[in-house]
Trainee: 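Can you read through this structure? Questions will come right after.
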Amino acid sequence: MNAIKQKVEVLGIDVGGSGIKGAPVNIESGELVAERERIPTPQPATPKAVLKVIKKIVAHFDWTGPIGCAFPARIKHGAVATATNISKDFLGVNLASQISDVTGLPARALNDADAAGIAEMRFGAGRNRRDVVLLLTVGTGIGSALFVDGTLVPNTEFGHFDVGGTNGELLASDRTRKKKELSWKQWAKRLQKYLDRVEFLLAPDLIIVGGGVSRPDRAELYFDRLETSAELVPAQMSNAAGIVGAALCAEDLLAARTP
Ligand code: BGC
C-alpha cells in the first residue's frame, strides 16, 4: 500500500443485529474503496464470536491500517455501556482495545447511530446544516444521533423514548414491522406516533431517517404518509453510513501513523 493511500483510508466495520459489514473507506470522499464484505452476525453474538468475525473482515481486505467500528450500543469512555440488542457479555468491554488486541491494529469504536449521523452530516443529507439535526437509524432497534450546530451530542438513546406506554423501538423499529407482518401503511402509523413524541421532546429542525428503511425503493412506500413540523428526509447513504461513520471516527489514527 502506498503512502498516499494509507493517509486517507480507514477500514470501517458496522456491527449489526443480522450482519457485520466492513469496507475500506476513503475518508476524504466518503466512498467505499472496495466492495463491502458482509458476514452474518454469529448467534449468540458474544464478544469472542464478534471479534472473530471482525478479524475475518480484516483478513479479507489484508488490512494493515486503522480500524473504526460502529456498534449497536452506547460506548462511554471506550466501554460498552448498554446492551439492548446485543449480548450482555459486552457490558464493560473496551471494544476498541479488544479489536486492537485481536488484530494488532489501532482501532476506535462508537455507537452505530452516531456513526451513521457523522457520515450523513459530512457527506449526506445533513451536509452544511448548522441547526438542530436528529438522525434516526431504524432497523433492529432505533438509534439516534443528535447534532447541534454541527456538533454531535454523543450516545443519545432516543429510540427508547416511551410512546404511549411502549418503548419507541418496540413500537416502530423495522424488526417490529417484520415480526408483526405489518403493512407499510400500518407501520408508518406507528412511526408517526414515535416521530410525534420525538418532535415534542426535542424540537429538531431536520430529521433524517436512516437504516435499511431509508433505501429509496423502501422510503417511497411510506415516506409520504409521515408528517412532521421538522423537515423530514431519508438518509442519503443508506446502509453505507455506518461503515463510513465508523471509518471517520478513526480518522485521527491516520495522522498518528503519518511520519
Ligand atoms: C440501542 C442503540 C443503537 C440502536 C440501533 C438500540 O437498541 O440501544 O444504542 O444505536 O439500537 O442499533
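Start at 1 and go down the list; that is how both ligands and their atoms are numbered. For this chain, numbers begin at 1 and follow the sequence in order.
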Trainee: Are more than 12 heavy atoms from other residues, nucleotides or ligands located less than 6.0 Å from atom CD of Gln43?
Mentor: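 Yes, enclosed.
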Trainee: Specify the protein heavy atom at minimum distance from atom 8 (O) of ligand 1: its residue, its atom name, and the distance to 0.1 Å.
Mentor: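 Residue, atom and distance for the closest contact: Glu157 OE1, 2.7 Å.
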Trainee: If the cut-off is 4.0 Å to any non-hydrogen atom of Glu169, which atoms of ligand 1 fall inside it?
Mentor: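 Atoms satisfying the 4.0 Å criterion: 6 (C), 7 (O), 11 (O).
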Trainee: Indicate yes or no: at least one non-hydrogen side-chain atom of Leu110 is less than 4.5 angstrom from one of Ile118.
Mentor: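 Yes - at least one pair of side-chain heavy atoms lies under 4.5 Å apart.
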Trainee: Any idea which atoms of ligand 1 are less than 4.0 Å away from a heavy-atom of Asn111?
Mentor: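 Listed by number with element, the hits are 2 (C), 3 (C), 9 (O), 10 (O).
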Trainee: Are any of the N/O atoms on Thr84, whether in the backbone or the side chain, positioned under 3.5 angstrom from an N/O atom of ligand 1?
Mentor: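 Yes, there is a polar N/O contact under 3.5 Å.
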Trainee: Tell me, do Arg74 and Glu157 make a side-chain contact under 4.5 Å, heavy atoms counted?
Mentor: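 Arg74 reaches Glu157 side chain to side chain.
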Trainee: Under 4.0 Å from a heavy atom of Gly143: which atoms of ligand 1 are those, numbered in the order shown and with their elements?
Mentor: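 So the answer, numbered in order with elements, is 4 (C), 5 (C), 10 (O).
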Trainee: At a non-hydrogen distance cut-off of under 4.0 Å, which region of Ala73 contacts ligand 1 (side chain, backbone, both, or neither)?
Mentor: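 The part of Ala73 near ligand 1 is the backbone, not the side chain.
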Trainee: For ligand 1, which atoms sit closer than 4.0 Å to a heavy atom of Asp112?
Mentor: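 Contacts of ligand 1 toward Asp112, numbered from 1: 3 (C), 5 (C), 10 (O), 12 (O).
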Trainee: Heavy-atom distances under 4.0 Å are what count here, so tell me which part of Thr140 touches ligand 1: side chain, backbone, both or neither.
Mentor: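 It is neither part, as no heavy atom is under 4.0 Å.
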Trainee: Considering the heavy atoms of His160, write down every atom of ligand 1 situated less than 4.0 Å from one of them.
Mentor: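 This gives 1 (C), 6 (C), 7 (O), 8 (O) as the contact atoms.
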Trainee: Would you please name every residue forming a side-chain contact (heavy atoms from CB on, under 4.5 Å) with Ala73, sequence neighbours left out?
Mentor: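 Once residues adjacent in sequence are excluded, the partners of Ala73 under the side-chain contact (heavy atoms from CB on, under 4.5 Å) criterion are Phe71, Val80, Thr82, Ile86.
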Trainee: Which residues pass the side-chain hydrogen bond (donor to acceptor under 3.5 Å, both in side chains) test with Ser214, sequence neighbours left out?
Mentor: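 Scan of Ser214 (side-chain hydrogen bond (donor to acceptor under 3.5 Å, both in side chains), adjacent residues dropped) gives none.
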